[in-house]
Amino acid sequence: MYRRYSIVYVKNDQDQVLMGKRNDSGKYTNPGGGCHKRECAAEGAIREFKEETGVSIDSVKLVKVFFTDDKNLIYMFEGVMPEEYEFDTSKDPDDEVETWEFVDPFDVIEDLHISAEKNVILQHWAGK
C-alpha cells in the first residue's frame, strides 16, 4: 500500500524558492505532507501549506505526479503567495520547521532534505 503526499513549490519574483530548515535535521525542505484519507491532493496541499507556514493560499496548480522508490505517491503543486503574508508556524502539529524563507536553492544545495538528484522541486525550479 502506498501513502499519498502533496508538496508545494512557491517562488518569488527574484527566482528564489520557499524553503524552511527542518527542526530535526537542519536540512532545507518545502511545504507539504501526507494527504488525509479521502482528501483530494490539491486540498491536502493547501491544508498542509497553511498548517506549516500559517499562510493561506487560494489555489494550487498540479505540475507533477510520481511514485518514489519506497512506493509513496507524490503530487507536486505550484502555489502563489498572497501579496501580504506573515509566516506563523505555531499551529503546525508536526513542528517540522521553525521559519520559512525564500532562498536561492544553489545556496542550500548541500543542505537539502531530499538530495538534489532526487529533489523534484529543485529540478522543476531549474527547468528540468
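Every value quoted in this text rests on a predicted model; they were computed, and no experiment measured them.
Every residue was checked against the side chain to side chain donor-acceptor pair (under 3.5 Å) condition with D13, not counting sequence neighbours, and none meets it. Applying the salt bridge (Lys or Arg N to Asp or Glu O under 4.0 Å) criterion to K21, with sequence neighbours excluded, gives no partner residue. Residues passing the side-chain contact (heavy atoms from CB on, under 4.5 Å) test with D107 are D104, sequence neighbours excluded.
Of all the heavy atoms in W125 and P105, the pair that sits closest is CZ2-CD, 3.5 Å.
Here the side chain of N12 pairs a donor or acceptor atom with the backbone of D15 at under 3.5 angstrom. Checked by atom type and distance alone, the side chain of S6 never pairs as donor or acceptor with a backbone atom of G44 at under 3.5 Å. Put simply, the side chain of D92 gets close to the backbone of E96: a donor and an acceptor are under 3.5 Å apart. T89 places no side-chain N or O within 3.5 Å of a backbone atom of E52 that could act as its donor or acceptor partner.
Every pair passing salt bridge (charged side-chain N to carboxylate O under 4.0 Å, His left out) that includes a residue from residues 110-125 is listed here, sequence neighbours excluded: D69-K118. Residue pairs meeting the side-chain hydrogen bond (donor to acceptor under 3.5 Å, both in side chains) criterion with at least one member in residues 24-39, sequence neighbours excluded: R22-D24, E39-R47.
The cluster map of Ile, Leu, Val, Met, Phe, Trp and Tyr, joined by side-chain heavy atoms under 4.5 Å apart, puts I109 and V120 in the same cluster. No path of Ile, Leu, Val, Met, Phe, Trp and Tyr side chains, each step under 4.5 Å between heavy atoms, connects M19 with V80, placing them in separate hydrophobic clusters. No single ILVMFWY cluster, assembled from side-chain heavy atoms under 4.5 Å apart, contains both I114 and V108.
The closest side-chain heavy-atom distance from V103 to Q16 is not below 4.5 Å. Side-chain contact check for E51 versus P93: some heavy-atom pair is nearer than 4.5 Å.
With a 4.5 Å cut-off between side-chain heavy atoms of Ile, Leu, Val, Met, Phe, Trp and Tyr, the cluster of L18 takes in Y2, V8, V10, I46, F49, V55, I57, V60, L62, V65, F67, L73, Y75, F77, M81, Y85, F87, V97, W100, F102.
E78 pairs in a side chain to side chain donor-acceptor pair (under 3.5 Å) with only one of the listed residues (K64, K61, H124), which is H124.
We find the CG-CG distance between L122 and L112 to be 6.0 Å, quoted to the nearest 0.5 Å.
Atom CD of E98 sits in a sparse spot, with 12 or fewer heavy atoms from other residues, nucleotides or ligands closer than 6.0 Å. Environment of CG in D70: crowded, with over 12 heavy atoms of neighbouring residues, nucleotides or ligands closer than 6.0 Å.
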